[in-house]
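Below, all heavy atoms of this structure are taken into account, side chains as well, without hydrogens, waters or symmetry copies.
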Amino acid sequence: MEKLLFKDIDEPGLNTIDVYRRRGGYERLRKALAMPREAVLNELLASGLRGRGGAGFAMGKKVSFLPKGAMDVYLCCNADESEPGTFKDREIMQKNPHLLIEGIIIAAYAAGANKAFIYIRGEYVLQADILDAAIAEAYAAGFLGENILGSDHSLSLVVHRGAGAYICGEETALLDSLEGKRGNPRLKPPFPANQGLYQGPTLINNVETLSTVPFIIEMGGEEYAKLGVENSTGTKLVSISGHVKRPGNYEIELGMRSRDIIYGLAGGPPDGRKVKLWFPGGSSSPVLTGSDEDLDLPYDFDTMAKAGTMLGSGAIIVVDDSTSVVEVAYKTAYFYRHESCGKCTPCREGTNWTLKMLDRIRKGEATPMDLDIIASVCENIMGHCLCVLGDAMAMPVSSMVKKFRAEFEEEIERRRQEADLASAMPEPELPLIQGAVA
Amino acid sequence: MSNEVRRFSHGSRVPGWDDAVDLTKEPASVPDPATTPVPDELRAEIEAAMAKYPDRRSAALPALAAAQRHHGWCSPEAIEQVACVMRLTPAYLTAVATFYDMFDTQPVGRHRVYVCTNISCSLRGADELCERIEQAAAGDPDISVRHFECLGACDIAPMASVDGVYVGPIELDEVDELIDDIRNGRPPLPRKQLRLRPTADSLPLDGKDNG
Ligand SMILES: Cc1cc2nc3c(=O)[nH]c(=O)nc-3n(C[C@H](O)[C@H](O)[C@H](O)COP(=O)(O)O)c2cc1C
Ligand code: SF4
Ligand code: FES
């Protein structure tokens, strides 16, 4: 397969404008600006490109929702990338920042946006510095600012650094954070397309989504739509991590068999180990198992949805049979409890209680009935929260309890016996020994 | 552990919530520039940040980050200074600062080490690594170690961010060297830094395992 996003990715100096332009950079911008806005939008619609940030919403459709008229329209690039297991946007921003910038300028043109921001997570210091430098180059070359390349399109672009909060990846929390507030999600509707940043219409897209736009202009939307499979067009970056031999970012054509990604590209689990479970789309996605049936699933949006999970951010986390599912569930719940913004009760309390119950299992204090309580707490979180962070914990945790119930029960019993044994042992008389040594 | 949410009386996250209110005290308002000295450099940085946005309040995060660089942490004094330049109340900025993990509202060491202990890293031994790093740095007031959620570098698990520089995969027997580098102001484990790593996709598939 021919690479798009990862073409020339390791070429030294690709992050500078000179090398990028030598590779055809900013030619797509020139082409787009010579087209009417509607024509650019039509290419986006024809491409079938679905959002790469998690929700998989059709990008062209989102652009078409923006109201027309003389007003400030904003574009926010979501570079918060905090979903556990996801590290693909990092690679683009660090190695090919101009691709993202070019995509932002074209998308802003289609959306009629005149002010753009990149909200990057604060931990990505190197990548933010690289973006700052690249944006300065783009301004100097006339690709940003007033009347870009002599057209009527003007755009300002600012890198906004976050400060460590997963929830700021949620689009409305991102907007609040960008407005200088605590990053609490907003009630929807109104959707950001109508009332977003500073109450103005706002287009929010992921780094990878926007970085794909130049290729759609170059190839034409219809041609791009030939890549991948129906309803999941194009190529996708997957971040593979956990128990695999070759963790990292790979560009695939959507619809590739999952086994070929996990084993073929990433080398599979260490020798002698078997895949126990895998998260197909970041830690928020319900887990799949190491069964042939699951491993043979084509990796695309609709197949994953049909299998009861989601493609999410395209982050595959592989867990082999050396690790207890209890620990994985605990780590998952720990993360969401820490990152819950606390605005709504089911999420704030539900994540906390789920974690406490999982900890009881680890400490050998649980009974199998606790599994039913976990399942019921998760059920009461799902669909009852202001944003989907609550669901993002409830879905994977309840999927683990459901699919690995036997292992959970075994672990409960084993750890309870261990704990009983430990408490039955006589207390070692430490003070006496220490006294004797002194 | 070190970055557990701090709890005060009755398990509250807020210190002194059950103390009687001092009704004679003036509420904290926007600090008076005449009585709030702000270092010139910090003022310039905050003002430059405010100029970037249609609404000056958007600069709260970059301004707090600048103040933290200046003062070492988001001390009451630092927040007072940001509030003075941005014309906001210190209470507002404190509320913002306490929301974000990277703002320290308690004093910390000069060097910040975030050790990722999220799923992918813990599958590769991050919990033990974090403990070892904590032990190796114990008692050094210059180094603050804390466990952190996924830092977006699971390909180099188990990993850590040392003053913003990503390093990994870190072996247990490299911990002493890492701490030594930090103590002596050297770049942390240069051969293990993320910036040098090629994209996995461009490596030959039959190549050596890179994990
Ligand atoms: C809790 C939560 C965290 C999210 N984190 C991210 C993120 O880190 N990066 C991202 O691009 N989208 C994230 N999203 C999805 C965004 O809300 C939004 O759907 C996305 O940025 C839209 O861009 P896209 O259509 O290009 O995917 C998150 C959503 C939720 C609910
Ligand atoms: S679901 Fe959780 S993160 Fe989302 S608004 Fe409610 S409390 Fe905040
Ligand atoms: S889990 Fe450690 S960087 Fe993602």
If we only count heavy atoms from C-beta on, is the B:Thr117 to A:Tyr334 side-chain gap below 4.5 Å?
no
Looking only at A:Gly267, A:Ser322, A:Pro270, A:Gly183, the option with the highest number of non-hydrogen pairs under 4.5 Å against chain B is A:Gly183
Whatever's closer than 4.5 Å to a heavy atom in chain A on B:Pro62 counts as side chain
Using side chain to side chain contact (heavy atoms under 4.5 Å, CB included), reason through B:Tyr100 and A:Cys168 one step at a time and then give a plain yes or no.
CA-CA 10 Å; B:Tyr100 297 93; A:Cys168 293; 3.7 Å; yes
Less than 4.5 Å apart, any side-chain heavy atom of B:Leu194 and any of A:Gln127?
yes
Note: B:Tyr92 and A:Gly180 closest approach over all heavy atoms is OH-O, 2.6 Å
Just one of A:Val318, A:Thr323, A:Asp320 clears the side-chain contact (heavy atoms from CB on, under 4.5 Å) bar with B:Leu123, so which one?
A:Thr323
I need the B:Ser120 OG to A:Ile240 CD1 distance, nearest 0.5 Å.
11.0 Å
Where does A:Glu91 contact chain B at under 4.5 Å (heavy atoms): side chain, backbone, both or neither?
side chain
Would you confirm whether A:Arg182, through its side chain, and B:Ala95, through its main-chain N or O, come within 3.5 Å as a donor-acceptor pair?
yes
Nearest 0.5 angstrom please: A:His338 NE2 to B:Phe148 CZ, how far?
7.0 Å
Considering only heavy atoms and a distance below 4.5 Å, find which of A:Lys95, A:Glu81, A:Lys115 pairs most often with chain B.
A:Lys95
What option among B:Pro198, B:Ser122, B:Ser202, B:Ala49 has the most heavy-atom pairs under 4.5 Å with chain A?
B:Pro198
Just by modelled atom types, is the B:Gly152 backbone N or O under 3.5 Å from a matching donor or acceptor in the A:Tyr124 side chain?
yes
Between A:Glu327, A:Arg161, A:Gln94, who has the most heavy-atom pairs with chain B when the cutoff is under 4.5 Å?
A:Gln94
Which answer fits B:Leu88, side chain, backbone, both or neither, if we ask what part of it has an atom under 4.5 Å from a heavy atom of chain A?
neither
Exercise: identify the closest heavy-atom pair between A:Gly85 and B:Cys150:
N-SG, 3.6 Å
Any donor-acceptor N/O pair, B:Arg124 side chain to A:His243 backbone, under 3.5 Å
no
If you draw a 6.0 Å radius around CG in B:Asp40, do more than 12 non-hydrogen atoms from other residues or ligands fall strictly inside?
no
Is any NZ, NE, NH1 or NH2 atom of the basic residue among B:Asp201 and A:Lys88 found under 4.0 Å from an Asp or Glu carboxylate oxygen of the other?
no
Taking every non-hydrogen pair under 4.5 Å, which of A:Asp72, A:Val158, A:Val328, A:Asp89 racks up the most with chain B?
A:Val158
How about B:Arg195: does its CZ atom have over 12 heavy atoms from other parts shown lying under 6.0 Å from it?
no
Quick one: which residues of residues 158-166 of chain B reach chain A at under 4.5 angstrom, heavy atoms only?
B:Gly164, B:Tyr166
Heavy-atom contact with chain B under 4.5 Å, split by part of A:Phe279
side chain
Which atoms of A:Arg90 come close to chain B, meaning under 4.5 Å heavy atom to heavy atom: side chain ones, backbone ones, both, or neither?
side chain
Please determine whether the number of non-hydrogen atoms from other residues, nucleotides or ligands lying under 6.0 Å from atom NZ of A:Lys181 exceeds 12.
yes
For the residue pair B:Ala153 and A:Phe87, what are the closest heavy atoms and their distance?
N-CB, 4.2 Å
From CD (A:Gln199) to CG (B:Asp55), nearest 0.5 Å
11.0 Å
Using non-hydrogen atoms only, which part of B:Ala59 is less than 4.5 Å away from chain A: side chain, backbone, both, or neither?
neither
Taking the side chain from B:Asp155 and the backbone from A:Ser239, do they hold a donor-acceptor pair closer than 3.5 Å?
no
One should read off an interatomic distance between B:Ser58 OG and A:Tyr198 OH, to the nearest 0.5 angstrom, of 2.5 Å
Min side-chain heavy-atom separation A:Glu251-B:Thr199 under 4.5 Å:
no
In this structure, CE of B:Met102 is separated from CZ of A:Arg121 (nearest 0.5 Å) by 8.5 Å
How long is the span from the NZ atom in B:Lys52 to the CG atom in A:Leu157, to the nearest 0.5 Å?
10.5 Å
Proximal component of A:Ile167, with respect to chain B [non-hydrogen, under 4.5 Å]:
side chain
Using non-hydrogen atoms and a 4.5 Å limit, figure out which bit of A:Ser177 sits close to chain B: side chain, backbone, both or neither.
both
Heavy-atom proximity to chain A below 4.5 Å, by part of B:Leu61:
side chain
Can you tell which part of B:Ala65 gets under 4.5 Å to a heavy atom of chain A, answering side chain, backbone, both or neither?
neither
Test side chain to side chain contact (heavy atoms under 4.5 Å, CB included) applied to A:Phe335 and B:Ile119, step by step
CA-CA 9 Å; A:Phe335 171 76; B:Ile119 303 174; over 6 Å; no
Looking only at heavy atoms, what is the nearest atom pair of B:Phe99 and A:Ala165, with distance?
CE2-CB, 4.0 Å
